[in-house]
Number of protein chains: 2
Amino acid sequence: MSDHASGRGLRRAELARRTGCNLETVRYYEKIGMMPDPPRTAAGYRVYGSDHVSRLKFILRARELGFSIEEIRGLLDLVDGGDQTCAEIKERTERHLSNVRTKIADLRRIEIVLAAAAARCSGGDVPDCAVLETLEGS
Amino acid sequence: MSDHASGRGLRRAELARRTGCNLETVRYYEKIGMMPDPPRTAAGYRVYGSDHVSRLKFILRARELGFSIEEIRGLLDLVDGGDQTCAEIKERTERHLSNVRTKIADLRRIEIVLAAAAARCSGGDVPDCAVLETLEGS
DNA sequence: CTTGAGCCTGTAGTTGCTACAGACCTTATA
DNA sequence: TATAAGGTCTGTAGCAACTACAGGCTCAAG
């Protein structure tokens, strides 16, 4: 059966390669409904087009920016609906940005405690340790 | 059967309450071997002592500082072995600290991109959106 | 015609919990 | 003493977001 794998259609590995996505993750995104079900060859092989490439890139970029799958699903719904407004997208972005800032603040607190404990450590061949004191109770 | 639940021994809920740990998490830490199996009453109820309280607090503090379960297991092994050295603990702490700093750097990069995209947004009732441009390709 | 690569499916594993269901035990009150 | 309410027990399933198989097709090259 002649498919157009060498023409416009991409197989899964090629889609993965072009987007930098893990091979199995492609299938995973399809399973959870983030990627539309692609057409298949007669033998059942998935055939992807440029729309799949851009959608997958969108998802991957959003993931890199720390958006959760559900957040991305929401963004995609807006885009797919075609009636998204900049205001709505901006609001979601700022909500996510504020989560990111909270995480940074949490990690900075951790960093300070760890750095202080490590600094108080002699680092010697002795059983007493400032880190353990920090962990065992103040 | 007389147990000493009201004396020195604590039941699970009380241990959880005193440490701020979730009730089920206590059992989870036991299952994965982070907490020693406590003695039981004749009816099978767990009975905890002050050693369990301190160990659980240790684990919880280390978790708050972002140590993974495996890292904590390593620390506890050192402490339990009794031959831990400050140098060893310090090294592990600094390794973890460097992971934390990497995460902070990653998040700061994300923060910058998100903030820039949101700033370029008009926020109006229009379909064009700077955030979407960021996600759809540079 | 065979070999090897690539694809298919379903499922299990990862991390660190959290939340049940259904059965037992304990305690207080009537 | 009966009973109702609560605590505890076990095992198991679920969460996010993948990742990695096993076992079976299909396809192209030699």
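Keep in mind that the numbers below use all heavy atoms, side chains included, and drop hydrogens, waters and symmetry copies. In this text, all values refer to a predicted model and were calculated from it rather than measured experimentally. Every chain is numbered from 1 and lettered A, B, ... according to where its sequence line falls, protein lines coming before strand lines.
Here the side chain of A:Arg55 pairs a donor or acceptor atom with the backbone of A:Met34 at under 3.5 angstrom. A distance-only check finds a donor-acceptor pair linking the side chain of B:Ser68 to the backbone of B:Glu71 [under 3.5 Å]. Side-chain atoms of B:His96 never come within 3.5 Å of backbone atoms of B:Thr93 as a donor-acceptor pair (strictly under, hydrogens ignored). No side-chain donor-acceptor contact under 3.5 Å links A:Thr25 to the backbone of A:Tyr28. Side-chain atoms of A:Arg12 never come within 3.5 Å of backbone atoms of A:Arg46 as a donor-acceptor pair (strictly under, hydrogens ignored).
We find that CD1 of A:Ile59 is positioned 13 Å from C1' of D:dA17, with the value rounded to whole Å. When the P atom of D:dA16 is taken as reference, atom NZ of A:Lys103 falls 14 Å away, rounded to whole Å. Between the CZ atom of A:Arg17 and the C1' atom of C:dG6 there is a distance of 15 Å, rounded to whole Å. Distance, A:Arg63 CZ to D:dC18 C1': 9 Å, rounded to whole Å. Between B:Leu60 atom CG and C:dG16 atom P there is a gap of 14 Å when expressed in whole angstrom units. Distance, A:Leu15 CG to C:dG6 P: 16 Å, rounded to whole Å.
Contact check, A:Arg11 against D:dA28: no side-chain N or O comes under 4.0 Å of OP1 or OP2. Distances shown here put every side-chain N or O of A:Arg40 at or beyond 4.0 Å from the OP1 or OP2 atom of D:dT26. Taking only side-chain nitrogens and oxygens, B:Arg73 never comes nearer than 4.0 Å to OP1 or OP2 of C:dG16.
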Stepwise side chain to side chain contact (heavy atoms under 4.5 Å, CB included) test for A:Tyr29 and A:Ile32: CA-CA 5 Å; A:Tyr29 285 156; A:Ile32 65 171; 4.1 Å; yes

Run the numbers on B:Tyr48 and B:Leu56 for side chain to side chain contact (heavy atoms under 4.5 Å, CB included), then give the verdict. CA-CA 11 Å; B:Tyr48 296 102; B:Leu56 184 49; over 6 Å; no

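Residues A:Val131 and A:Cys121 meet the side-chain proximity criterion, which asks for heavy atoms closer than 4.5 Å.
In this structure, A:Ala117 and A:Ala130 approach most closely via the heavy-atom pair O-CB, 3.5 Å.
For DNA chain D, the residues of residues 65-72 of chain A within the heavy-atom distance limit of 4.0 Å (strictly under) are A:Ser68, A:Ile69, sorted by number. At a non-hydrogen distance threshold of 4.0 Å, A:Asn22, A:Glu24, A:Thr25, A:Arg27, A:Tyr28, A:Tyr29 from residues 19-38 of chain A come into contact with DNA chain D.
Proximity note for A:Arg12 (side chain, C-beta onward) versus D:dT26, C:dC8, C:dT26: the nearest is C:dC8.
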